[in-house]
Number of protein chains: 2
Amino acid sequence: MKRAQIFRLEHYLMRLMELKIRGAAYATSDALADAVGVSGSRVRQDMMALQAVGKPHSGYSVDELEIRIRDALDLYRPKGMAIVGCGNLGHALANAGIWERAGFTVRAAFDVDPAKVGQSLVGVTIRHLDELPGALADEPCVAACLTVPTEVAQTVANLLVDAGVKGIWNFASVDVKAPMHVVIENQRLEFGLMTLSYLLKLHRPPKTPPSGG
Amino acid sequence: MKRAQIFRLEHYLMRLMELKIRGAAYATSDALADAVGVSGSRVRQDMMALQAVGKPHSGYSVDELEIRIRDALDLYRPKGMAIVGCGNLGHALANAGIWERAGFTVRAAFDVDPAKVGQSLVGVTIRHLDELPGALADEPCVAACLTVPTEVAQTVANLLVDAGVKGIWNFASVDVKAPMHVVIENQRLEFGLMTLSYLLKLHRPPKTPPSGG
DNA sequence: GGGCATTTGTTAACTTCTTCACAATTTTAG
DNA sequence: CTAAAATTGTGAAGAAGTTAACAAATGCCC
């Protein structure tokens, strides 16, 4: 599955949750299409890929579709997550309530700040980064959330790879390198900001030219 | 310009900064291509769109290219930003050092928590959300960073639209609606997490089937 | 129950994006 | 100065993704 399709599935899922709240039992392809900005035709093709069958005149079962998408994204499998870097961003993410919905549980947290070590973050005790190798053996975490300063991101990423982590959700503004068997998902916050900058320029009402006004 | 191209430009820019640090004066199309995962040919087509001319046998001038990309994304224009919601995420973003690079300056900050009102965030005083309409008239902010709980995101977004904001960088897990002339850039953190979940599944060593082993 | 409106499943056409290929250009080496 | 190597600029081929279109199925209304 390519990234564009994953992205669409995530949007469908979001829309499904909205529909569920509204009490809908079925979702039409056009309703899902609207959540992403593609045609209903495209959605139906995605549904075929998921082997979801819809009812003519009704659409796709919201519940069944939710299961299929979550399954395709492997959201049901329980997965351990380590939070590495417990600054504001680490805290914000830890408490954001996003983990459970994706099957993750925060099982460990690390920082280098002695003032933070020993404190609790979403129920786990923050340990010093030096303890990471042993600690991750005790509390297996398939992935880690890397929220450390950009300067040390690569160094800490190496630590994580050595500790056996299989995926890194990277918030640093740098491409961290890792062996091929480790997945890196970069969450480039500054890219969002730059995109906003461009979109603002696009939407700015065109300047009235000096002549001809 | 489409989103995919914007995304590539952002990656080129990142790579250019790396090259700059290493003291390189020229960047070849293949070097830039490597930062995104496309062919050098695709890069050269992007360069044409930017009207950047390269030197055969050398590549593109790092400095000139940086200017062209930053200009295309409108990163040079000074833009005011309001931070709405000064929890951990708001704090983290405010202090992340990402604003200046995209031409933004944090000019205002708001929260509903009386304990936070009056405190300082990256040099600006946090005000109560009720003051938002008037405050944004004083300190013009073309955009706002929406880091409030998901439940109130739409309500606060409406406030921002009424206050004349032209763009919203939305961190809530919901699609906020706004008039067409207001740009919404959704930073869906949970999508990143779901994508990671899928990638982990993909990379998991395939189970040895029970038979034939 | 019959007819009509709605929606899926699926193939084909269309559009967009990406890479390929190669002449033209510049640098480097001897 | 000449030849070889590297790299751009660009048109065409190829791949991938998207929409269009329509038969088949289903539900709804009277």
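A, B, ... follow the sequence lines: proteins, then strands. Residue 1 opens every chain. As a basis for the values below, the full set of heavy atoms in this structure was taken, side chains included, without hydrogen atoms, waters or symmetry mates.
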Peer 1: For the residue pair E190(A) / S173(A), report whether a side-chain donor-acceptor contact shorter than 3.5 Å exists.
Peer 2: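 Their side chains do contain a donor-acceptor pair, which is all the 3.5 Å distance test asks for.
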Peer 1: Start at the 5' end of DNA chain D and walk down; is the nucleotide closest to P56(B) or to K55(A) reached first?
Peer 2: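 Going by which nucleotide is closer to the 5' end, it is P56(B).
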Peer 1: Looking at N95(A) and H91(A), would you say the former's side chain and the latter's main chain have a donor-acceptor pair under 3.5 Å?
Peer 2: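 Indeed, once roles are kept as given, a pair shorter than 3.5 Å links the two residues.
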Peer 1: Could you please name the option among dT26(D), dG17(D), dT7(D) that lies closest to any side-chain atom of K2(A)?
Peer 2: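 Of all the options, the side chain of K2(A) is nearest to dG17(D).
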Peer 1: Is it true that E10(B) and R188(A) make a salt bridge, defined as a side-chain N closer than 4.0 Å to a carboxylate O?
Peer 2: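 The answer is no: the pair does not qualify as a salt bridge.
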Peer 1: Once you round it to whole Å, what is the distance between P of dT26(D) and OH of Y60(A)?
Peer 2: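 Y60(A) atom OH is separated from dT26(D) atom P by 14 Å.
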Peer 1: Quick one: is dT18(D) close enough that its OP1 or OP2 comes under 4.0 Å of any side-chain N or O from R8(A)?
Peer 2: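 For dT18(D), OP1/OP2 do have a side-chain N/O of R8(A) under 4.0 Å.
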Peer 1: Write down the distance between CG (D46(B)) and P (dT16(C)), rounded to a whole number of angstrom.
Peer 2: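 That distance rounds to 17 Å.
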Peer 1: Measure from the side chain of H57(A), starting at C-beta and using heavy atoms only, and say which of dT26(C), dA25(D), dC28(D) lies closest.
Peer 2: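 For the H57(A) side chain, the nearest candidate turns out to be dC28(D).
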Peer 1: Would you check if the side chain of Y198(B) reaches a backbone N or O of M1(A) as a donor-acceptor pair within less than 3.5 Å?
Peer 2: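 Present.
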Peer 1: Do R15(A) and D34(A) sit within salt-bridge range, that is, some charged N less than 4.0 Å from a carboxylate O?
Peer 2: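 Between D34(A) and R15(A) there is a salt bridge, with a charged N closer than 4.0 Å to a carboxylate O.
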Peer 1: For a quick test of reading the model, state the closest non-hydrogen atom pair linking A33(A) to G40(A) and the distance between them.
Peer 2: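 Smallest interatomic distance, heavy atoms only, reads CB-N, 3.7 Å.
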Peer 1: Considering heavy-atom distances to DNA chain C, does M48(A) or S58(A) have its closest nucleotide positioned more toward the 5' end?
Peer 2: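 The residue mapped nearer the 5' terminus is S58(A).
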Peer 1: Expressed in angstrom and rounded to an integer, what is the separation of L32(A) atom CG from dT8(C) atom P?
Peer 2: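 The distance from CG of L32(A) to P of dT8(C) comes to 9 Å, rounded to the nearest Å.
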Peer 1: Could you state the CZ-C1' distance from R3(B) to dT16(C), rounded to the nearest angstrom?
Peer 2: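 For the pair R3(B) CZ and dT16(C) C1', the rounded distance is 18 Å.
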Peer 1: Just to confirm, is there a sub-4.0 Å distance from OP1 or OP2 of dT6(C) to any side-chain nitrogen or oxygen of Y26(A)?
Peer 2: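 It does not, given that no N or O in the side chain of Y26(A) lies less than 4.0 Å from OP1 or OP2 of dT6(C).
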Peer 1: Kindly give the atom pairs (protein nitrogen or oxygen, nucleotide nitrogen or oxygen) under 3.5 Å for nucleotides 19-23 of chain D.
Peer 2:
from, atom 1, to, atom 2, distance (Å)
dT19(D), OP2, S39(A), N, 2.9
dT19(D), OP2, S39(A), OG, 3.0
dT19(D), O4, Q45(A), NE2, 2.8
dA20(D), N7, S41(A), OG, 3.4
dA20(D), N6, S41(A), OG, 2.7
dA21(D), N6, R44(A), NH2, 3.2

Peer 1: Could you give the CE-to-P distance, from M1(B) to dC17(C), as a whole number of Å?
Peer 2: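 Atom CE in M1(B) sits about 13 Å away from atom P in dC17(C).
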